[in-house]
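All remarks here apply to the structure that follows.
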Protein chains: 4
Amino acid sequence: MTEKQKRHSDPALAEARRNQVLTAAADCFRRKGYHGAGMAEISKTAGMSAGHIYNYFNSKEAIIEAIIQRDMEEMFSVFQQFEDDPGELLTNMLDGADHGVERHIDKEKNALELEMLAEAARNQKVAFLMQQSDTHARARFRRLLTGERSLVKDATDKELDARINVIFAMITGLAMRRTLYPELQKDTILLALRPALRTLLSPFN
Amino acid sequence: MTEKQKRHSDPALAEARRNQVLTAAADCFRRKGYHGAGMAEISKTAGMSAGHIYNYFNSKEAIIEAIIQRDMEEMFSVFQQFEDDPGELLTNMLDGADHGVERHIDKEKNALELEMLAEAARNQKVAFLMQQSDTHARARFRRLLTGERSLVKDATDKELDARINVIFAMITGLAMRRTLYPELQKDTILLALRPALRTLLSPFN
Amino acid sequence: MTEKQKRHSDPALAEARRNQVLTAAADCFRRKGYHGAGMAEISKTAGMSAGHIYNYFNSKEAIIEAIIQRDMEEMFSVFQQFEDDPGELLTNMLDGADHGVERHIDKEKNALELEMLAEAARNQKVAFLMQQSDTHARARFRRLLTGERSLVKDATDKELDARINVIFAMITGLAMRRTLYPELQKDTILLALRPALRTLLSPFN
Amino acid sequence: MTEKQKRHSDPALAEARRNQVLTAAADCFRRKGYHGAGMAEISKTAGMSAGHIYNYFNSKEAIIEAIIQRDMEEMFSVFQQFEDDPGELLTNMLDGADHGVERHIDKEKNALELEMLAEAARNQKVAFLMQQSDTHARARFRRLLTGERSLVKDATDKELDARINVIFAMITGLAMRRTLYPELQKDTILLALRPALRTLLSPFN
DNA sequence: GATGAATGAGTATTCATTCAT
DNA sequence: TATGAATGAATACTCATTCAT
C-alpha cells in the first residue's frame, strides 16, 4: 500500500535499469502471460539479478503497472498514423486499414493486451491506468474526427463519442478474432471492415 | 492423457454437484482470475471440500474447460433470439440491438470472458474449446444471414464470413469498452452501432 | 492404538470377506507397493466398497499386518517340501535347489517381501510379526537338520543356528539378486549354490 | 526430461549444501522410509528451508538417486579392503569376514539399503542406478577372483559369475537376518559363514 | 451388511520477496 | 550497485478414513 521509493544516486542509470526491466518483463509477459512468467525468467531476460529488480520496483505487480503506463498509449493509438497525413480522413483510414489490421491481428501482442485487460477487471490500479490511456487515445482520435479533413466534424459530442467507441470496439474486437478463429484472413476482414468504417466516418444520412 | 471419469451412483446428485462447482468456480475466476482463484476458495464457495471437487473434475483446468463448454455457446448466441423472429433480419437486429448491448455490457460477465480469452492465449485446450464454440456461433449466425429474411442472403461465402467476423468483433469489442471507459452509456453506443450494423447487414453499394 | 474389533453377526462370512481383502491387497501391494497401492484400488480388486473394508480392518496398516500373519510363514518355508521327502536331506535339497531357486527368483513376489522387510525396519509391529514367522521357519528347518536323514544331526545348537541362518541368508539374498542383476540365470546360480549348500549341510571337516 | 541444473556461484558452498541435504535425507529415509519422510522433515533435518532444497535437487526422487550414487558403491565394496592386501585371497577373506560381518550387520544402514531396494522394485531409474553400482561391484570382485592370489583364477566366466553372485547374495542376505532375527550374534554367523566362503573361493573338487 | 459421498490433513513443488555480502 | 542464497507461504492435488443412508 505505502509507496516507498528507493533513492538512486545516479538517476540516469536507474532510469536505464528500469527500462531494461520493463522491456524484459513485457517480453516475458507477452510470451508466458503475467502469471506464467516468473521473476527468475524476467531477471535473466533483463540481464540482472532477481533481487536487484526490487531496487527499482516494489513488486511484480508494480512492473506490470509500469509497463501499462509506458506502453498502453501506443497500444490504443492505432490512429496515430493519420494525424499528420494530408487528405481526407476517410480515404486515409480506408487506405490504412489494410496495414492497421495487419498490425493488430498479431497474436503475441494481443496476448499481453488481453492479460492486461483481464487484470484490469479486478485490479483497480491497473484499471485506472488503462482507462487513462484509453481516455487519452479517445481524445486524440476525437481531434482527428473534428479536424478539417473529417466528414463528421460537425457531429455532436455524443455522436462523436459513439463513433469513436464503436470504432475502437471494432479494432479491439478484431484483435481478438484471431484467438477464436485463427484461420481468418486479413483480406476477408477488410471486405466488411471498409464499408463499416466508411459508415462510421461519414454523416449518418 | 486418459480421460478416466469417476462413476457416480446417483447421476442427478452428481450433476447438481458439478454445477455447484462450476457456478462457484465461475464466480471465483471472475473475481480473482483463473490463476488468482485457488481451489480452497472455490471449494469454500461451492460449499464442499476441496478434495471432493476432484470426484467431479480431474483438475482445475477441467473446471475452466467445463465452464467454457457450459457458458461459451450462450455467450455467442446473442443472435439466437432472431432465429424464430419473423420479419426482416435487419429490422429485427436493429430493434434488438438495444437489448443486446445492455446484456453484453455487463462488467461481471465480461470479466470471466476476458479471463477465458487470456487463458486461451496460453492454453491450447482452452483455446480449442473456445474456437469450437465460436465456430458454432458463426455457423448459426451465418444461417441467419442466408435466411429468407436477410438482405445479404446472396453474398459470397467470403463476404459473409467478413460480415460475420466484423459484427462479432464489434460485439466482443463493445463488451470490453466498459472496462476501459466505464462511463460509456448504452444509448450513446447505439447512436453509432445501429448505422454500422445496417451497413453490415445490407448489400455493399 | 486401541484395538477395537467389530462384531460380526455371521463370522464365517466375515472371515471370507477378510480373506477377500487380504488377497486383493497382497496382489495390489505386489504390483504397486504398499504406498503405491491405494485403498480405492484394493477395494475394487476385492470387489467391495472402500468403506466396507473398514468393517474388517481398522486401517491400511492393519491390512499389511494381517497379510504378513497369513503369508509370511509360507514365504520362509522354502524347505517345507523336504519335510516328508524320504532320502538323504542333502541329496533332496541339492535336487530341489533347481526348483527352489526358480520359485524364489520371481521378481513380483520379492517386491512384496522387500516392501515388508523395509516396513519392518521402522514398524515395530510388522517387525515383530515377521520375526515370529522367521522363528517358526527356523524351528522347522532345524527339525530337518536334526532329523534322521541329516548329515549334521549331531551338530551343536549354535552350529545349527549358524548353518540355518547362513542358508536362509543365501536364499533371501538370491531373491534380491534379480533386482540388482536381472540378467542372472538360474543355472548360473546353481553352479555355485550347490557346492555352498553341500558345505552347509555336511559336517565341517 | 531436460536436466536443467541451477548455476551456483560458489561451487564449494553448493557442494556442502548438497551433502547437507543428502545426509539429512538418508537419515530421514532410514527412519521413515522414502515415502514416509516428507520434504518438510528432510528440510528441518538439513537445517534449511524446503524450498531451498530445490536449488540443489530437482525433486525428491533426485535426492534418493543422489544418495544411491553416493552410498551405493561403498555399500557393495565390502571387498575393497582385500584389493591391496598381500597373501592368499581365501585367507584374507576368512580373516576379514569377522570385520565384514560386523560392518554389514548394522541395522540402521540396512534399513536404508532395504528402502532403496524396495524403491528399485517400483522405480525404473532407481533400479538402474543400483544395477549400475552392482555391476561395478561385481566387476571389482571378479578382478579379485581372477587375481594372482586367488585359488579360482582359472574358473570359467560363468562359474565366476556364479561364485560372485552367491557370495553377494549371502552378504546381502546376512544383512537382512538382523531384521528378522535380532538376537543373532556375529560369532554364530561366522561358524557357518567361513566354511561356506571357503567353498565358494576354492575350486569345486 | 454394504455403499460411496464427503472430508481434511497431508504431499511435493513453486515463486515472489528479502537480505547479508 | 549488484548478487544469489535463502525463505516461507501458497499451490493443486491425493488418499486413508468416516458416516449417513
Side-chain angles (χ1 to χ4, degrees), chain A residues 6-10 13-14 17 35-44 47-63, chain B residues 6-10 13-14 16-17 35-43 47-63, chain C residues 6-10 13-14 17 35-44 47-63, chain D residues 6-10 13-14 16-17 35-43 47-63:
Chain A
K6 283 275 194 328
R7 286 275 156 240
H8 297 285
S9 63
D10 182 344
L13 176 58
R17 290 276 180 271
H35 290 97
M39 290 300 291
E41 186 184 2
I42 294 173
S43 73
K44 203 164 70 180
M48 82 183 65
S49 78
H52 198 36
I53 291 184
Y54 285 81
N55 286 324
Y56 303 106
F57 298 94
N58 287 322
S59 66
K60 193 184 176 187
E61 210 185 355
I63 296 178
Chain B
K6 282 275 196 323
R7 288 272 158 244
H8 296 283
S9 63
D10 182 346
L13 176 59
R17 291 277 178 271
H35 292 99
M39 290 302 293
E41 186 183 3
I42 294 173
S43 74
M48 82 184 65
S49 77
H52 196 35
I53 291 184
Y54 285 84
N55 285 328
Y56 301 105
F57 298 94
N58 287 323
S59 65
K60 192 184 175 185
E61 209 186 350
I63 295 177
Chain C
K6 283 277 196 322
R7 288 275 157 240
H8 297 285
S9 63
D10 181 346
L13 176 57
R17 289 277 179 270
H35 290 97
M39 290 300 292
E41 186 183 2
I42 294 173
S43 72
K44 203 165 68 181
M48 81 184 65
S49 78
H52 198 35
I53 292 183
Y54 285 81
N55 286 325
Y56 303 107
F57 298 94
N58 286 322
S59 67
K60 193 184 176 187
E61 210 184 356
I63 296 178
Chain D
K6 282 277 196 321
R7 289 271 157 246
H8 296 284
S9 63
D10 182 346
L13 176 59
R17 291 276 179 272
H35 292 99
M39 290 302 293
E41 186 183 4
I42 294 173
S43 73
M48 82 183 66
S49 76
H52 196 36
I53 292 183
Y54 285 83
N55 285 327
Y56 301 105
F57 297 94
N58 287 324
S59 65
K60 191 184 177 186
E61 209 186 351
I63 296 178

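What you see is a predicted model; the values in this text were computed from it and never measured. Atoms considered below: every heavy atom in the structure, side chains included; atoms not considered: hydrogens, waters and symmetry mates. Sequence lines set the chain letters: A, B, ... in the order given, protein chains first and strands last, and positions in each chain run from 1.
- Taking atom CD1 of D/Ile42 as the reference point, atom P of E/dA12 lies 7 Å away to the nearest angstrom.
- Annotation: side chain of B/Met39 is in contact with side chain of B/Ile63 (closest heavy-atom distance under 4.5 Å).
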Report summary line: Parsed dot-bracket for DNA chain F after applying the Watson-Crick and G-U rules with both distances under 3.5 Å and | for other-strand partners is .||||||||||||||||||||
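- Using a distance-only test at 3.5 Å, with no hydrogens or angles considered, no donor-acceptor pair links the side chain of C/Lys44 to the main chain of C/Ala50.
- Sequence order on DNA chain F of the closest nucleotides to C/Lys60 and B/Met39 puts B/Met39 first from the 5' end.
- Residues D/Ser43 and D/Ser49 approach most closely at CB-C, 3.7 Å, considering heavy atoms.
- Residues C/Met48 and C/Ile53 are in side-chain contact: their nearest non-hydrogen atoms beyond the backbone lie under 4.5 Å apart.
- Heavy atoms of C/Ala37 sit under 4.0 angstrom from primed sugar atoms or phosphate atoms, though from no base atom.
- Shown for residues 47-54 of chain B: residues whose heavy atoms fall under 4.0 angstrom of DNA chain E, namely B/Met48, B/Ser49, B/Gly51, B/His52.
- Side-chain atoms of C/Lys60 do not come within 3.5 Å of backbone N or O of C/Gly38 as any donor-acceptor pair.
- Residues forming a side-chain contact (heavy atoms from CB on, under 4.5 Å) with B/Ala16 (at least two apart in sequence, or on another chain): none.
- Residue whose closest nucleotide on DNA chain E sits further toward the 5' end, between C/Asp10 and A/Glu61: C/Asp10.
- A search for side-chain hydrogen bond (donor to acceptor under 3.5 Å, both in side chains) contacts involving A/His52 returns A/Asn55, A/Tyr56, not counting sequence neighbours.
- Where D/Leu13 and B/Gly38 meet DNA chain F, the nucleotide closest to each residue was compared, and D/Leu13 sits on the side nearer the 5' end.
- Where DNA chain F meets chain D (any atom under 4.0 Å from a heavy atom), the bounding nucleotides read 5' to 3' are F/dG4 to F/dG8.
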